[in-house]
There are 2 protein chains.
Amino acid sequence: MQDQRRFEQRARVLKALAHPTRLFLVDELSRGECCVADLTEKVGADMSTVSRHLARLRDAGILVDERRGACVYYRLRVPCVLDFFGCVEAALSADDGDGTAGP
Amino acid sequence: MQDQRRFEQRARVLKALAHPTRLFLVDELSRGECCVADLTEKVGADMSTVSRHLARLRDAGILVDERRGACVYYRLRVPCVLDFFGCVEAALSADDGDGTAGP
DNA sequence: TGCATGTTTGGCAATATGGCCAAATATGCA
DNA sequence: TGCATATTTGGCCATATTGCCAAACATGCA
């Protein structure tokens with residue numbers, strides 16, 4: 001397992017994405033930047049929780065943040081993450097995980 | 001957050017990929033099917049550990065397994081997962097996480 | 001059947017993750 | 001400065017993940 005470092009780096013990015021709320025945030029931000037307060041309202045969790053999710057995506061290189069006045073705005077830094085989901089859905093079609101068969 | 005179910009399903013797939021050893025296994029299997037014993041040797045961990053990683057990828061719909069005789073062979077079911085990594089590297093170029101600056 | 005090989009599963013301890021509340025920090029404005 | 005709003009961080013607990021060992025299971029062959 002020689003390229004261990006590389007796999008660890010990749011895993012860190014995928015791990016950052018591997019959470020329903022964080023996927024929701026990425027999806028929201030794919031429509032344009034947004035501040036923490038607005039995202040918090042959409043998610044419906046504590047702002048501290050949302051802030052931590054955003055920080056995690058930022059630290060993984062997926063988002064960028066920018067403070068403008070009192071608000072901090074986040075936006076996608078790597079829009080290609082959205083391309084993942086077609087493939088992810090392909091995996092889901094074999095295993096939708098909730099017992100309901102696919103089409 | 002209406003499409004919660006969808007985000008949970010996607011997260012399950014990404015979570016299955018989000019581990020260095022499992023990424024290594026996917027990478028190995030991208031070169032063709034392989035049995036658990038051979039993969040175990042390449043990974044260098046306990047076979048029970050490797051078996052669990054493989055099962056997790058299979059349950060996520062990423063791999064398929066097939067028993068032939070005494071051996072169980074795994075192979076990629078969703079080769080498009082490999083397309084992820086170009087994008088993942090793009091995220092890494094901003095944050096390689098180990099303090100060494102990118103090129 | 002009995003044994004060897006290959007694989008999965010049960011159980012356990014160490015560690016990581018997730019979410020909330022409270023407190024700290026940052027900014028704008030009176 | 002002092003207060004209100006926006007965001008992050010510390011602390012804590014509940015839960016999930018990971019990896020090993022040992023034990024169970026599956027298969028092929030003598």
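The sequence lines fix the lettering, A, B, ..., with proteins before strands; numbering per chain opens at 1.
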Any B/Thr49 side-chain nitrogen or oxygen under 4.0 Å from OP1 or OP2 of D/dG19: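 Answer is no, no contact under 4.0 Å.
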Contact under 4.0 Å: B/His19 side-chain N or O vs D/dG19 OP1/OP2: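 B/His19 to D/dG19 OP1/OP2: side-chain N or O found under 4.0 Å.
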Geometric cation-pi criterion, B/Arg68 with B/Tyr73: 6.0 Å, 45°: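 Yes, a cation-pi geometry holds between B/Arg68 and B/Tyr73.
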Whole angstroms only, please: what is the [atom1]-[atom2] distance between [X] and [N]?
X: A/Phe7; N: D/dT18; atom1: CZ; atom2: P; value: 17 Å
X: B/Glu66; N: D/dA26; atom1: CD; atom2: C1'; value: 16 Å
X: A/His53; N: D/dT8; atom1: NE2; atom2: P; value: 13 Å
X: A/Asp65; N: D/dT8; atom1: CG; atom2: P; value: 7 Å
X: B/Arg22; N: D/dG19; atom1: CZ; atom2: C1'; value: 12 Å
X: B/Asp59; N: D/dT17; atom1: CG; atom2: C1'; value: 15 Å
X: B/Asp46; N: D/dA23; atom1: CG; atom2: P; value: 14 Å
X: B/Lys15; N: D/dT18; atom1: NZ; atom2: C1'; value: 13 Å

Sugar-phosphate only, base, or nothing, as touched by A/Arg52 at under 4.0 Å among non-hydrogen atoms: base
side-chain contact (heavy atoms from CB on, under 4.5 Å) between B/Leu76 and B/Leu82, worked out: CA-CA 10 Å; B/Leu76 280 189; B/Leu82 299 170; 4.1 Å; yes
Start and end of the DNA chain C segment that chain B contacts, any atom under 4.0 Å from a heavy atom: C/dG6 to C/dG11
Residues touching DNA chain D, which here means a heavy atom under 4.0 Å, drawn from residues 68-76 of chain A: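 By residue number: A/Ala70, A/Cys71, A/Val72, A/Tyr74.
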Point-to-point distance, once rounded to the nearest 0.5 Å, from CD of B/Glu66 to SG of B/Cys35: 12.5 Å
Test item: B/Arg77 side-chain N/O and B/Gly61 main-chain N/O as donor-acceptor pair under 3.5 Å: yes
Lys/Arg N to Asp/Glu carboxylate O, A/Glu8 vs A/Arg10, below 4.0 Å: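 No.
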N-O pairing of A/Arg75 and A/Glu28 below 4.0 Å: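 Here A/Arg75 does not pair with A/Glu28 in a salt bridge, since their nearest N and O are not under 4.0 Å apart.
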B/Arg6 atom CZ, neighbour heavy-atom count above 12 within 6.0 Å: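 Result for CZ/B/Arg6: open.
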Sequence neighbours left out, cut at 3.5 Å: what donor-acceptor pairs do the side chains of residues 44-52 of chain B make with other protein atoms?
residue	atom	partner	partner atom	Å
B/Asp46	OD1	B/Ser48	N	2.9
B/Asp46	OD1	B/Ser48	OG	2.7

B/Ala45, nearest nucleotide to its side chain (from D/dG11, D/dT8, D/dC20): D/dC20
